[in-house]
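As the structure is a computational prediction, the values presented were derived from the model and not from experiment. The figures that follow rest on heavy atoms only: side chains count, while hydrogens, waters and symmetry mates do not.
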Protein chains: 2
Amino acid sequence: MSKTNPVDNIEEIAENCVAARLRSLNRMVSGIYDVSIRPLGLTISQLNILVVTGKLGTAKPKDICSILQLGPSTLSRNVDKLVSNGWIDIQPGEDGRAHVLKLSIRGSETIGRAYPAWKKAQEKAHALLGEEQAESIVAIANQVAFGKR
Amino acid sequence: MSKTNPVDNIEEIAENCVAARLRSLNRMVSGIYDVSIRPLGLTISQLNILVVTGKLGTAKPKDICSILQLGPSTLSRNVDKLVSNGWIDIQPGEDGRAHVLKLSIRGSETIGRAYPAWKKAQEKAHALLGEEQAESIVAIANQVAFGKR
DNA sequence: TAAATATAATTGTATATACAACTTAATTGG
DNA sequence: CCAATTAAGTTGTATATACAATTATATTTA
């Protein structure tokens, strides 16, 4: 029965849209981190690419894309900047199509310098969301895909 | 004691960063909606601006920014496109600085046409996250700020 | 093994987003 | 009531992001 009308559609989307809410939360929370670490000359996006690369030791672009759920074109251009800044080194890989990324010493130092600002942002994010809710988001992301190769 | 070293920093950020996880979730989930509604010629970002405008009846840009936690410059350019498509009308406001946005008939029809695709995406997002987790995200966003003027 | 197919990354183009600077209009204080 | 300040939007510039098309390399298959 009842084909919905636009007014009902508006109401339903406004009240329930998961995407709108994740987008909004993401803008708020990413903003906290970006403001905090901007004085260090990097963004939260860049910091997390450095962190994943460092954690892996050596990483092919595709590995990082899988872990961060990031498109290859996006990563490609982000890596360009990180290489320009001397934070990531590129080495030829066994597979001639894929090269190998490695966190440089300077990249590692950059993470170290950014850490206190990251930590403050992390605390602000927890304060904004509430401890339990922040943990919930971490758990949900971990469960869905985050960090898995 | 113990000043943390870069390796510990990497580990801590990798395991705990809320921003990284929200960004990742957002990319995954927004992608589901964008793929679904793309054939209709709009994005999930645009659809939600239309929905908020429609729900408010008439809205000043700042109202929409508050509700969606969106920067004014971002909204400004998004609204340009929606006006170009004939989905939103602009009227002069009492306050000469702020104009008034209104969902047009065609905008309302666009929401109606997009609704089935939105609904499918919403279901896919629930399936990806799990019912309980999806509800949790909606609740967290609602609690923090979403939709409040 | 040569051709067909598949995979990895990059580049062109477009949207989403923000900050800083600027413009215009309202408000407030003297 | 006018000058100074504040508020709302827009525009310049930059990063983040994705899709489609392209390039280069591997793999598969006939």
Side-chain angles (χ1 to χ4, degrees), chain A residues 19-20 22-50 59-66 68-85 88 90-101, chain B residues 19-20 22-50 59-66 68-85 88 90-101:
Chain A
L22 271 175
R23 295 175 73 79
S24 183
L25 284 171
N26 180 44
R27 284 189 291 266
M28 282 190 277
V29 171
S30 286
I32 292 170
Y33 289 76
D34 277 329
V35 165
S36 189
I37 68 179
R38 186 178 312 133
L40 294 149
L42 75 169
T43 65
I44 187 60
S45 173
Q46 292 167 0
L47 178 58
N48 272 292
I49 292 170
L50 294 180
K60 285 172 295 203
K62 207 190 170 208
D63 301 330
I64 298 174
C65 289
S66 299
L68 295 177
Q69 295 294 311
L70 202 54
S73 61
T74 301
L75 182 67
S76 179
R77 281 179 252 243
N78 275 322
V79 166
D80 285 347
K81 290 171 206 141
L82 301 176
V83 170
S84 297
N85 282 318
I88 280 185
I90 295 190
Q91 300 164 354
E94 294 176 17
D95 186 327
R97 293 166 297 187
H99 41 225
V100 173
L101 309 181
Chain B
L22 271 175
R23 295 176 73 81
S24 183
L25 284 171
N26 180 45
R27 284 190 291 265
M28 282 190 277
V29 170
S30 286
I32 292 171
Y33 290 76
D34 277 329
V35 166
S36 189
I37 68 180
R38 187 177 313 133
L40 293 148
L42 73 168
T43 64
I44 187 61
S45 172
Q46 292 167 359
L47 177 58
N48 273 292
I49 292 170
L50 295 179
K60 286 173 294 205
K62 205 188 171 209
D63 301 331
I64 298 174
C65 288
S66 300
L68 295 177
Q69 296 294 312
L70 202 53
S73 62
T74 302
L75 182 67
S76 179
R77 282 178 251 242
N78 274 322
V79 166
D80 285 347
K81 291 172 205 141
L82 301 175
V83 171
S84 298
N85 282 317
I88 280 184
I90 295 191
Q91 300 164 355
E94 295 176 15
D95 186 326
R97 293 166 297 186
H99 41 225
V100 173
L101 309 181

Student: With respect to the side chain of A:Pro61, which nucleotide from D:dG9, C:dA16, C:dA9 is positioned closest?
Tutor: C:dA9

Student: Determine, step by step, whether A:Ile44 and B:Arg23 satisfy the side chain to side chain contact (heavy atoms under 4.5 Å, CB included) criterion, reporting the C-alpha distance in whole Å, the side-chain angles of both residues, the deciding distance to 0.1 Å, and the verdict.
Tutor: CA-CA 10 Å; A:Ile44 187 60; B:Arg23 295 176 73 81; 4.0 Å; yes

Student: Donor-acceptor check, side chain of B:Asn26 to backbone of B:Leu22, threshold 3.5 angstrom: yes or no?
Tutor: no

Student: For B:Ser73, report the nucleic acid contact type (base, sugar-phosphate, nothing); a contact means any heavy atom under 4.0 Å.
Tutor: base

Student: Are side-chain heavy atoms of B:Leu50 and B:Leu42 found at a separation under 4.5 Å?
Tutor: yes

Student: For a quick test of reading the model: is some side-chain N or O of A:Arg27 closer than 4.0 Å to OP1 or OP2 of C:dT17?
Tutor: yes

Student: Between A:Ile44 and A:Arg97, which is nearer to the 5' end of DNA chain D once each is assigned its nearest nucleotide?
Tutor: A:Ile44

Student: What integer distance in Å separates B:Asn78:CG from D:dT17:C1'?
Tutor: 14 Å

Student: If you assign B:Arg77 and B:Lys62 each to the DNA chain D nucleotide with the nearest heavy atom, which residue ends up on the more 5' nucleotide?
Tutor: B:Lys62

Student: Between C:dA8, C:dT24, C:dA20, spot the one nearest the side chain of A:Arg38, thanks.
Tutor: C:dA20

Student: Please report, rounded to the nearest Å, how far the P atom of D:dA26 is from the CD atom of A:Glu94.
Tutor: 11 Å

Student: Out of C:dT17, C:dT10, D:dA16, which has the shortest distance to the side chain of A:Gln46?
Tutor: D:dA16

Student: A:Leu70 has an atom CG; how far is it from atom C1' of C:dA8, in whole Å?
Tutor: 15 Å

Student: Is there side-chain contact between B:Ile90 and B:Val100, with heavy atoms separated by less than 4.5 Å?
Tutor: no

Student: So if I take every side-chain heavy atom of B:Lys81 and compare against C:dT15, C:dT10, D:dG9, which nucleotide ends up nearest?
Tutor: C:dT15

Student: Return whichever of B:Asp95 or B:Gln69 has its heavy-atom-nearest nucleotide of DNA chain C closer to the 5' end.
Tutor: B:Gln69

Student: Provide, to the nearest angstrom, the distance between the CG atom belonging to A:Asp34 and the C1' atom belonging to D:dA16.
Tutor: 10 Å

Student: Please tell me which of the listed nucleotides, D:dT10, D:dA16, D:dA8, lies nearest to the side chain of B:Ala98?
Tutor: D:dA8

Student: Under 4.0 angstrom, heavy atoms only, what part of the nucleic acid is B:Thr74 near: base, sugar-phosphate, or nothing?
Tutor: base

Student: Between B:Ser30 and B:Asp34, does any side-chain donor sit less than 3.5 Å from a side-chain acceptor?
Tutor: no

Student: Just call it for B:Leu75: base, sugar-phosphate, or nothing, with non-hydrogen atoms closer than 4.0 Å on any strand.
Tutor: nothing

Student: Rounded to the nearest Å, what distance is computed from the CD1 atom of residue B:Ile37 to the P atom of nucleotide D:dC19?
Tutor: 13 Å

